Trainee: 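This is the structure, below, for whatever I ask next.
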Amino acid sequence: MDAPAVNESGTKEGVTAPDTRAGFAQLLRVHQAMVFSIALHFLRDRSAAEEVAQDVFLQLHRSFDSVEPGRVVFWLRKVTGNRAIDYVRKRKLRAMVALEDAPEPRSQSAQPDLLLQARLRALIATLPEKPRMVMVLRYQEDVMPEEIAQMLGMPVRTVKSHLQRSLAMLREKIDRSMGDIR
Amino acid sequence: MGDEERTDEFEKQLKAAMARGEAPAWFEARVMNAVNQSGALKSRQGMALPHRGWRWVTAGAAAVVMITAWNEWAHHIALEHIKQAHMDAEEREAGEAAKAKLLLAMKITSAKLAEIQAKVDEAQRND
């Protein structure tokens, strides 16, 4: 991605004035896919995901001075996760969008099983808010349980427990409906 | 397929299912527009109260005005009380003076009447 002033780890390199329009625009360009995808995988509603993602970036703009340059990605994941959870709690949003509305993967796996992946996304959407966000952060963003615990303000053992239970539930339902993955 | 391989394959599918997608093409423009709007709103609010320091100055000035007004009012009320006390005292003194005059007049009248009565009594005796 062409973003010389802001690298993927979120370091605001080369951004001289922190509140400059250019610096913020670069952060937005680099991280919009991550923020939008976390919101969309969690909410499964494109307009709701856009709304949450926009709010996250507006908050980033307001808090630009206080966000540590090396912690932008952590900050964005944390704020997106918590805002998405709040959004669902306030609106009692349920999974209500067709499976095809989920974003298509950027890179296809060697043996793509799109049907299975769609089924997995639909099953994750049935999880309660916190375990669902734990799964999104773990499997979309590859965040370690310790960091997820910091982001969502819960003990590490709770994160690990959510992961184990959610995986067990997914395996059981996938096995039952689609057979073993081979 | 062993358990570990099965788990790896399952998690691989899970990661593929949860892979990042692209944000909508218009998303960046939408956010920048919202940022600009919030900036415009902020500057409008800033025109009313430009700086937190100025809010304290304004609040301080308002407090000084209120304290001054309170002092003026209290002073005014105190003066009114003093005036009223003076007026009451003057009225009381005037009343006392009038009462004294009346008593004096009554005493004089009484003495005159007694004198007249004595004269009348003497005249009757002489008759």
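Chain naming here is simple, since letters A, B, ... match the order of the sequence lines and numbering starts at 1 in each. Computed from a prediction, not measured in an experiment: that's the story for all the values here.
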Trainee: Which distance, rounded to the nearest 0.5 Å, do you find between the CE of A:M34 and the CZ of B:R20?
Mentor: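 Spacing of CE (A:M34) from CZ (B:R20) equals 6.0 Å.
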Trainee: Please name the pair of heavy atoms, one in B:A23 and one in A:F36, separated by the smallest distance, quoted to 0.1 Å.
Mentor: CA-CD2, 3.6 Å
Trainee: Which bit of A:D142 is near chain B, if near means a heavy-atom gap under 4.5 Å: side chain, backbone, both or neither?
Mentor: side chain
Trainee: Give, as side chain, backbone, both or neither, the part of A:A49 having an atom under 4.5 angstrom from any heavy atom of chain B.
Mentor: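 Neither part, no heavy atoms under 4.5 Å.
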Trainee: Does any non-hydrogen side-chain atom of B:P24 lie less than 4.5 Å from one of A:R46?
Mentor: yes
Trainee: Could you give the distance from CZ (A:R29) to CD (B:E28), rounded to the nearest 0.5 Å?
Mentor: 4.5 Å
Trainee: Decide side-chain contact (heavy atoms from CB on, under 4.5 Å) for A:Y139 and B:Q13; before the verdict, give the C-alpha distance in whole Å, the side-chain angles of both, and the deciding distance to 0.1 Å.
Mentor: CA-CA 10 Å; A:Y139 290 101; B:Q13 291 290 347; over 6 Å; no
Trainee: Less than 4.5 Å apart, side chain to side chain, heavy atoms only: is that true for A:L167 and B:E11?
Mentor: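 Yes; the side chains approach each other to less than 4.5 Å.
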Trainee: Can you tell if the side chain of B:F10 reaches within under 4.5 Å of the side chain of A:L120, non-hydrogen atoms only?
Mentor: yes
Trainee: Please classify the contact of A:V136 with chain B as side chain, backbone, both or neither, using a heavy-atom distance under 4.5 Å.
Mentor: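 Answer is both: backbone and side chain atoms of A:V136 are under 4.5 Å from chain B.
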Trainee: Taking the side chain as everything from C-beta on, heavy atoms only, tell me whether A:F57 gets closer than 4.5 Å to B:M32.
Mentor: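 Answer no - side chains too far apart.
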Trainee: Are the side chains of B:V31 and A:F24 in touch, meaning some heavy atoms are under 4.5 Å apart?
Mentor: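 Of all side-chain heavy-atom pairs linking A:F24 with B:V31, at least one is under 4.5 Å.
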Trainee: Please state whether the side chain, the backbone, both or neither of A:I38 comes within less than 4.5 Å of a heavy atom of chain B.
Mentor: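 Looking at A:I38, nothing touches chain B.
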Trainee: If you take all heavy atoms of A:L58 and B:S38, which pair is closest and at what distance?
Mentor: CD2-OG, 4.3 Å
Trainee: Tell me the closest heavy-atom pair linking B:G21 and A:S37, and the distance in Å.
Mentor: N-OG, 2.8 Å
Trainee: Which value, rounded to the nearest 0.5 Å, describes the distance between A:L40 atom CG and B:E22 atom CD?
Mentor: 12.5 Å
Trainee: Quick check on the hydrophobic clustering: are B:L113 and B:I108 connected, directly or via other members, by side-chain heavy-atom contacts under 4.5 Å?
Mentor: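 No, no single cluster joins them.
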Trainee: Could you go through the side-chain contact (heavy atoms from CB on, under 4.5 Å) check for A:Q117 and B:L14 one step at a time?
Mentor: CA-CA 7 Å; A:Q117 290 167 15; B:L14 202 46; over 6 Å; no
Trainee: If I take atom CD from residue A:E50 and atom CZ from residue B:R30, how far apart are they, to the nearest 0.5 angstrom?
Mentor: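 The CD atom of A:E50 sits 5.0 Å away from the CZ atom of B:R30.
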Trainee: Over all heavy atoms of both residues, which pair between B:A34 and A:Q54 is shortest? Give the atoms and the distance, please.
Mentor: CB-NE2, 3.5 Å
